[in-house]
Amino acid sequence: MPYREQIPIEKGLDNTAKLMLEGYNYITNRRKKFGRDLFETRILGGQKAICIAGEEAVKVFYDEDKIQRKGAAPKRIRQTLFGEHAIQTLDDQAHRHRKELFMSFMTKEKLDEVSVILERQLDVALDKWVVQERIVFYREIVQLLTKVAFEWTGVPIRQDEIKKRANQLEALFDSAGAVGVRHWKGRTSRNILENWLKQIITQVRNGDLTVSQDTILYQMAWYQDKNGELLNEQIVAVEVLNILRPIVAISIYLTFEALAIYEHPSEREKLKKGGEKYQELFVQEVRRYYPFFPMLIARVREDFLWNGHDFRKGNFVILDIYGTNHHPDIWEMPNVFNPERFRNRKENFYEFIPQGGGDYYRGHRCPGEWLTIEFMKILANFIVNKVEYSIPRQEHRYSMIRIPSLPKSGLIMTHVKRV
Ligand code: HEM
C-alpha cells in the first residue's frame with residue numbers, strides 16, 4: 001500500500017477573504033502553523049485548493065502530466081492581469097507553439113536592442129529630473145518603461161498619449177490582487193487597451209498601417225497558431241499586452257532596487273567595485289527578497305498521489321512563490337538581504353522562482369525573465385555610476401498585504417544630479 005496521510009486542513013467554508021487579508025504571508029503563516037509545506041484550504045466559492053511550497057512542490061507544479069492551467073486562472077485575474085485566452089491559460093501543444101513566439105523575442109539581438117532603448121530613455125529622463133525639485137521614482141519609471149515598451153514592440157503611440165497609456169498599463173498589474181475601485185480600474189483599462197490594440201492589429205493586417213516586419217507588433221499580428229491559422233484580433237491584442245504590461249511592471253522591481261540601495265547603503269560601494277558580476281548577484285537577491293508575484297494557481301489534471309496526499313482531478317493547486325523564495329530549507333537566513341548567497345549558487349529551476357520555475361519553452365516560466373534581469377542590471381549601474389540623489393524622510397516601507405507591493409511613497413528623490 002502506498003503511504004497516505006491526512007494533510008492539515010484550514011477551517012472555513014471559504015478562505016478567500018483571509019487570503020486577501022494576509023497577502024504574501026497567507027500560505028507561509030499556515031505552513032508555520034501546521035508545520036507542513038502542504039495543506040488544504042477552500043477558496044473562490046468554497047472550492048478545494050491544496051497549497052504547496054518548496055523545491056519538490058515546484059517540481060510537481062510544473063509536471064504537466066499532473067497539473068494544468070486550463071480552467072485555473074480566476075475570472076477576476078483574467079479580466080485584469082492576463083486577458084481571456086492568453087498564453088497563461090493554455091496547455092500542451094497550443095501552449096508550446098505560442099510560447100515559441102514569445103521566446104523568439106528573447107534573442108541576444110532583441111535583448112540588446114531593448115537594453116539600448118532603456119539606456120537612452122534613462123539618459124533623456126535624467127535631463128528632466130535634474131531640474132525638478134523632487135521626483136517620485138516609481139511614477140517616473142512607469143512612464144519611462146511605457147516608452148521603452150512601445151518603442152521596442154513597434155506599437156505606434158503619440159507623445160501626448162504616453163501618460164494615459166502608462167496609467168492604463170499600470171492598472172492591469174496593480175488591480176490583480178484588488179477588490180473595489182482598484183479592480184474596476186484594471187478591468188476598464190483592459191477593455192480600453194484591448195479595443196485600441198485590436199484596431200491597430202486590423203490596420204496592420206489590411207495594410208492601413210505599415211510596420212517593419214521585424215517588429216514584435218508585426219510578428220504577433222501575423223503569427224499563425226498550430227493549425228496554421230491567424231489568431232483573432234482580440235487574442236493578438238491580449239498577447240501584445242502580455243509584452244507591454246510586464247515591461248511596465250518591471251518598474252516595481254526597479255523601485256525595490258533603489259530601495260535596497262537605500263536600506264543597505266553598503267551595497268552602493270559593493271556595486272561600484274564589483275562590476276557586472278556583483279550587479280548580477282544584487283539583482284537576483286532583489287528578486288528573491290522583495291515581494292512581487294505572490295503565488296501561482298493551477299488545477300490537478302489527473303488524480304495522483306504525492307507526499308502521502310491524493311490530489312484529485314479538478315482541485316486547485318496553489319504554489320507559494322514568495323514562500324519558496326524564503327524557504328528555510330533552501331535559503332540560509334532567508335529574511336536577510338545578502339546578494340553574496342548567489343555567488344557560488346548553481347542555477348536550479350525549482351528553488352529560485354520569482355518569475356516561475358521549470359523550463360521556459362516547455363512550461364509556463366516567464367519568458368521575460370532575461371529581459372527583466374538586464375533591465376535591473378542597467379538600473380543598478382545607472383544608480384551607482386551615473387546619478388546622485390537624496391532620499392528625504394518619507395514612508396518608504398512596503399506592505400506584505402497589498403498585491404503588488406511597493407514602497408508606500410513610491411520612493412521620493414530630491415537633488416537629482418548627473419555624475
Ligand atoms: C516585472 C517582472 C516580472 C515578473 C515578476 C514576472 C513574473 C511572472 C510569473 C510569476 C509568471 C508565471 C509563471 C507560471 O505561470 O508558471 C510569468 C509569466 C509570464 N510572463 Fe512574466 N514576469 C515579469 C516580467 C515579464 C516580462 C518583461 C515579460 C515580457 C516581455 C513577461 C511575459 C510573461 C508571459 C507572456 C508569461 C506567460 C508565460 C506562459 O504562460 O508560458 N514577463 N511572469
Side-chain angles (χ1 to χ4, degrees), residues 57-64 67-70 72-73 77-78 81-83 85-92 94-107 110-111 113-115 117-118 141-142 145 148-150 152-153 169-170 172-174 176 216 220 235 238-257 283-284 286-288 290-299 317-322 324-325 349-350 352-376 379 403-406:
V58 178
K59 287 183 184 155
V60 168
F61 190 83
Y62 283 97
D63 180 341
E64 55 183 344
I67 302 285
Q68 69 177 35
R69 300 304 174 99
K70 187 167 178 245
I77 298 286
R78 301 198 311 274
L81 191 68
F82 291 171
H85 309 294
I87 182 169
Q88 286 92 340
T89 63
L90 302 179
D91 293 295
D92 307 320
H95 171 259
R96 272 197 281 277
H97 195 271
R98 209 178 289 178
K99 193 64 175 278
E100 269 174 28
L101 173 72
F102 280 93
M103 293 311 292
S104 73
F105 307 136
M106 303 301 160
T107 58
K110 290 295 281 176
L111 292 178
E113 190 185 303
V114 72
S115 299
I117 299 174
L118 174 63
I141 293 291
V142 164
L145 290 182
V148 173
F150 278 92
W152 188 52
T153 51
L169 288 166
E170 184 201 3
L172 300 185
F173 59 85
D174 194 54
I216 291 174
M220 286 199 142
I235 301 183
V238 164
E239 297 301 26
V240 171
L241 283 175
N242 244 336
I243 301 260
L244 297 174
R245 181 205 70 245
I247 289 182
V248 177
I250 300 175
S251 47
I252 293 189
Y253 270 156
L254 300 193
T255 307
F256 275 130
E257 260 188 294
V283 162
Q284 297 300 58
V286 170
R287 296 195 310 133
R288 185 196 72 81
Y290 290 98
F292 192 169
F293 217 101
M295 59 194 79
L296 287 168
I297 188 160
R299 281 194 193 268
V317 182
I318 302 181
L319 176 67
D320 186 4
I321 289 207
Y322 181 79
T324 300
N325 286 338
F349 281 178
Y350 302 97
F352 177 47
I353 54 164
Q355 296 181 230
D359 185 72
Y360 291 103
Y361 294 85
R362 290 182 57 82
H364 284 267
R365 190 190 185 98
C366 174
E369 192 163 18
W370 302 326
L371 187 154
T372 307
I373 293 170
E374 270 321 297
F375 275 31
M376 293 176 74
L379 187 84
I403 296 171
S405 187
L406 188 73

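Just follow the structure's listing: the first ligand is 1, and inside any ligand the first atom is 1. Values in this document were obtained by computation on a predicted structure and should not be read as measured data. Numbers here simply count residues along the sequence, with the first being 1.
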message: Is the contact between Ile252 and ligand 1 made by the side chain, the backbone, both, or neither, using heavy atoms and a 4.0 Å cut-off?
response: neither

task: With heavy atoms of Ile250 as the reference, note each atom of ligand 1 found under 4.0 Å away.
output: 1 (C), 27 (C)

query: Under 4.0 angstrom from ligand 1, any heavy atom of Tyr62?
result: yes

statement: Nearest non-hydrogen protein atom to atom 33 (C) of ligand 1, with distance, is Pro367 CD, 3.4 Å

statement: Note: ligand 1 atoms sitting under 4.0 Å from heavy atoms of Thr372 are 2 (C), 24 (C), 27 (C)

- request: Between Met106, Gln88, Glu369, Arg365, flag the one that comes closest to atom 30 (C) of ligand 1 by a heavy atom.
  value: Met106

message: Residue-level breakdown please: for Gln355 versus ligand 1, do any non-hydrogen atoms fall below 4.0 Å on the side chain, on the backbone, on both, or on neither?
response: both

- request: Check each atom of ligand 1 against the heavy atoms of Ala249 and keep those under 4.0 Å away; list them by number with element.
  value: 1 (C)

Proximal atoms of ligand 1 relative to Leu296 (non-hydrogen, under 4.0 Å): 12 (C), 14 (C), 15 (O), 16 (O)

- prompt: Considering distance alone, does some N or O of Trp152 sit under 3.5 Å from an N or O of ligand 1?
  reply: no

query: Under 3.5 Å, is there a donor-acceptor pair between the side chain of Lys110 and the main chain of Trp152?
result: no

statement: Checking heavy atoms under 4.0 Å, the part of Glu239 that sits near ligand 1 is neither

query: For atom 28 (C) of ligand 1, which of Pro246, Ala73, Ser251 has the closest heavy atom?
result: Pro246

- request: Quick one: sort the Phe349 and Tyr360 rings into parallel, tilted or perpendicular, breaks at 30° and 60°.
  value: perpendicular

query: Any idea which part of Phe105 is under 4.0 Å from ligand 1, heavy-atom wise: side chain, backbone, both or neither?
result: neither

task: Please report the closest heavy-atom contact between Tyr350 and Gly358, naming both atoms and the distance.
output: CE2-CA, 3.9 Å

message: Counting non-hydrogen protein atoms only, what is the nearest one to atom 13 (C) of ligand 1? Give residue, atom name and distance.
response: His364 O, 3.2 Å

message: For Arg69, which part has a heavy atom under 4.0 Å from ligand 1: side chain, backbone, both, or neither?
response: side chain

- prompt: Contact between Gly358 and ligand 1, counting heavy atoms under 4.0 Å?
  reply: no

field: Closest to atom 10 (C) of ligand 1 among Phe173, Tyr361, Phe61, Phe293 (heavy-atom distance)
entry: Phe293

- request: List every atom of ligand 1 that sits less than 4.0 Å from any heavy atom of Gly363, numbering the atoms from 1 in the order shown and giving each element.
  value: 41 (O)

- prompt: Taking C-beta and beyond as the side chain, do Leu90 and Arg69 meet within less than 4.5 Å on heavy atoms?
  reply: no

task: Would you indicate whether the side-chain heavy atoms of Phe173 and Val248 approach each other to under 4.5 Å?
output: yes

Those atoms of ligand 1 less than 4.0 Å from some heavy atom in His95: 39 (C), 40 (O), 41 (O)

statement: protein heavy-atom neighbour closest to atom 22 (N) of ligand 1 works out as Cys366 SG, 3.1 Å

